[in-house]
Number of protein chains: 2
Amino acid sequence: MNEPDDLRATAEQLALDTISMAKAGGMPDDYWPRDPRIARACLVLGITPEEARELPADAYLTGLPRAVTPSVPLEVWTDGACSGNPGPGGWGWITNEAEPRKGSGGDPATTNQRMEIAAALNALKSVTERPIVVVSDSTYVVNCITKKWYVGWQRNGWKNSKKEPVANRDLWEEFVPLATAAGVTLRWVKGHAGHPLNEAADQLAVAARDAAKAQGAPV
Amino acid sequence: MNEPDDLRATAEQLALDTISMAKAGGMPDDYWPRDPRIARACLVLGITPEEARELPADAYLTGLPRAVTPSVPLEVWTDGACSGNPGPGGWGWITNEAEPRKGSGGDPATTNQRMEIAAALNALKSVTERPIVVVSDSTYVVNCITKKWYVGWQRNGWKNSKKEPVANRDLWEEFVPLATAAGVTLRWVKGHAGHPLNEAADQLAVAARDAAKAQGAPV
RNA sequence: CGACACCUUAUGUU
DNA sequence: AACATAAGGTGTCG
């Protein structure tokens with residue numbers, strides 16, 4: 001498809017090549033996990049050195065066997081930002097891959113909650129591999145799925161527990177089917193707790209927010 | 001005493017001076033209520049222009065005669081607070097006087113409704129002047145009196161409309177006689193609407209609640 | 001079913 | 001220290 005995907009495929013192939021050659025070259029078992037070339041290969045493939053040692057010799061021809069589950073699951077970290085709330089806002093997402101994929105967007109008039117949903121929604125639209133973990137610091141987004149708030153909403157005609165209309169229904173109706181599909185997990189993390197990818201997603205969101213602000217309020 | 005009190009005494013004296021001078025100056029009766037200086041003086045003293053016109057000429061020397069009842073009725077503003085509900089709770093009340101009287105108390109294990117009743121009950125126990133207006137943001141407390149819920153309860157042996165025992169009967173049995181006595185009026189106000197005395201009563205309740213919490217759960 | 005109140009949680013800001 | 005955006009709940013009455 002696009003350049004990052006091609007690059008990623010190439011990197012994975014090179015990693016498999018490296019591992020095959022190391023096996024063929026008779027690298028000793030105890031040195032295996034300490035070789036930097038093996039370490040790089042494992043990082044790209046998302047597997048441990050032990051898992052790499054178990055790979056068949058022809059893995060460079062056949063690809064990663066399905067039986068070898070990557071030990072580092074794919075994650076998309078998401079975040080939203082909103083100046084003033086309500087006000088101009090932005091969202092951003094970034095994957096935990098060696099060469100992270102990223103996305104961002106903004107809206108000149110929105111709320112913090114819409115931006116948090118939009119971050120997760122656009123992440124799931126853009127990153128289609130499964131299984132995947134969507135990471136968010138918003139209990140609003142995570143609890144909707146993990147505590148099955150959406151089940152009650154759909155049952156009561158999109159009314160919340162106070163019998164008022166559920167807010168941001170348009171985004172939820174897009175997000176819920178994607179987030180409840182097979183292989184999608186939601187995970188909450190505390191914001192501003194130093195998680196590097198949470199900070200990276202925040203910076204994407206803030207940049208998009210500021211762009212939306214500049215666009216929405218031209219001076 | 002303190003600075004605000006001194007300031008208030010000074011303001012009241014200036015108001016009396018103004019009224020005395022207006023009388024001495026022969027201000028016409030029909031103009032009297034429309035003069036902004038008189039209006040300001042009346043506001044400070046809590047009396048009507050008509051009452052001001054009836055003041056003796058030497059009121060600026062003798063002070064406000066006791067016979068002139070302030071036209072601003074006495075009010076007690078009440079509020080309750082309860083952490084968790086049920087949980088540790090507190091109540092508070094404060095009068096609308098120039099030097100407000102206040103009261104508060106707490107309970108390490110109670111409900112929001114008990115605290116709302118307790119606030120009004122303790123206010124009526126402590127402030128014995130009549131007439132008096134008890135102000136609460138709880139329809140539970142106000143409607144019991146103004147919609148005469150208590151009449152039905154007493155008639156049915158303290159059963160509510162679902163034929164279950166009326167909750168908080170112990171407090172109601174103390175409160176109802178006091179609240180239905182001559183000169184006692186109940187008034188409802190919306191909570192969190194910026195009424196300064198509602199906020200003041202809330203702060204008293206919250207402080208008492210936090211004290212009860214600290215006392216009830218010593219670490 | 002309606003009403004009022006009391007909270008709990010997280011995020012976004014000013 | 002204050003407000004907004006949102007969800008969940010209990011306490012109580014008619």
Side-chain angles (χ1 to χ4, degrees), chain A residues 78-91 110-117 119-120 136-153 158-169 171-172 188-193 198 201-202 205-206 209 213, chain B residues 78-91 110-120 136-153 159-169 171-172 188-194 198-199 201-202 205-206 209 213:
Chain A
T78 70
D79 198 20
C82 183
S83 233
N85 192 29
W91 50 264
T110 185
T111 68
N112 68 325
Q113 311 283 42
R114 287 188 72 78
M115 291 300 94
E116 299 280 3
I117 308 170
S136 170
D137 62 18
S138 163
T139 59
Y140 183 51
V141 168
V142 175
N143 286 345
C144 168
I145 305 301
T146 62
K147 301 202 172 170
K148 297 205 190 304
W149 290 350
Y150 68 91
V151 174
W153 297 344
W158 291 88
K159 298 283 192 281
N160 64 20
S161 71
K162 294 177 187 128
K163 308 189 178 172
E164 296 157 353
V166 170
N168 310 311
R169 175 174 170 179
L171 292 174
W172 288 127
W188 179 81
V189 288
K190 177 145 189 64
H192 316 285
N198 177 257
D202 177 67
V206 165
R209 175 198 71 187
K213 191 186 315 194
Chain B
T78 70
D79 198 21
C82 183
S83 236
N85 190 32
W91 49 263
T110 185
T111 68
N112 66 324
Q113 312 283 42
R114 286 188 72 80
M115 291 299 95
E116 299 281 2
I117 307 171
S136 168
D137 62 16
S138 165
T139 58
Y140 183 54
V141 168
V142 174
N143 286 344
C144 169
I145 304 303
T146 61
K147 299 201 173 173
K148 298 205 189 306
W149 290 350
Y150 66 92
V151 174
W153 297 343
K159 298 284 193 279
N160 63 21
S161 69
K162 294 177 191 136
K163 308 190 175 172
E164 295 157 354
V166 169
N168 308 310
R169 174 174 170 179
L171 293 173
W172 289 128
W188 179 81
V189 288
K190 176 145 191 67
H192 315 284
N198 176 257
E199 276 179 43
D202 176 67
V206 165
R209 176 198 69 186
K213 190 187 314 196

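In what follows, chains are A, B, ... by sequence order, proteins preceding strands, each numbered from 1. Owing to the predicted nature of the structure, the values given are computational and were not obtained by experimental measurement.
Within a 6.0 Å sphere centred on NZ of A:Lys147, heavy atoms belonging to other residues, nucleotides or ligands number 12 at most.
Residue contacts for A:Trp172: at a heavy-atom cut-off of 4.0 Å it reaches no nucleic acid atom on any strand shown. Across all strands shown, A:Val166 has heavy atoms under 4.0 Å from sugar-phosphate atoms exclusively, and none from any base. The residue A:Lys163 sits close only to the backbone: its heavy atoms come under 4.0 Å of sugar-phosphate atoms, none of a base.
Annotation: the span from A:His192 atom NE2 to A:Asp202 atom CG amounts to 6.5 Å, rounded to 0.5 Å. Between the OG atom of B:Ser136 and the CD1 atom of B:Ile145 there is a distance of 11.0 Å, given to the nearest 0.5 Å. Taken to the nearest 0.5 Å, the OG1 atom of A:Thr78 stands 7.0 Å off from the CG atom of A:Asp137. Atom SG of A:Cys82 is separated from atom CD of A:Glu116 by 10.0 Å, given to the nearest 0.5 angstrom. Atom CG of residue B:Asn85 and atom CZ of residue B:Arg114 lie 12.5 Å apart, to the nearest 0.5 angstrom.
Shown are B:Trp149, B:Trp153, B:Tyr150; of these, the ring pair (Phe, Tyr, Trp, His ring centres under 6.0 Å) with B:Trp172 is made only by B:Trp153.
Think of the region where chain A sits on DNA chain D: with heavy atoms and a 4.0 Å cut, that region ends 5' and 3' at D:dA4 to D:dG9.
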Sugar-phosphate means primed atoms, P, OP1 and OP2; the rest is base. With that split, encode nucleotides 7-14 of chain C 5' to 3' as B, S or - using protein heavy atoms under 4.0 Å. SS-SBBSS
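Every residue two or more places apart in sequence or in another chain that forms a side chain to side chain donor-acceptor pair (under 3.5 Å) with B:Tyr140 is listed here: B:Asn168.
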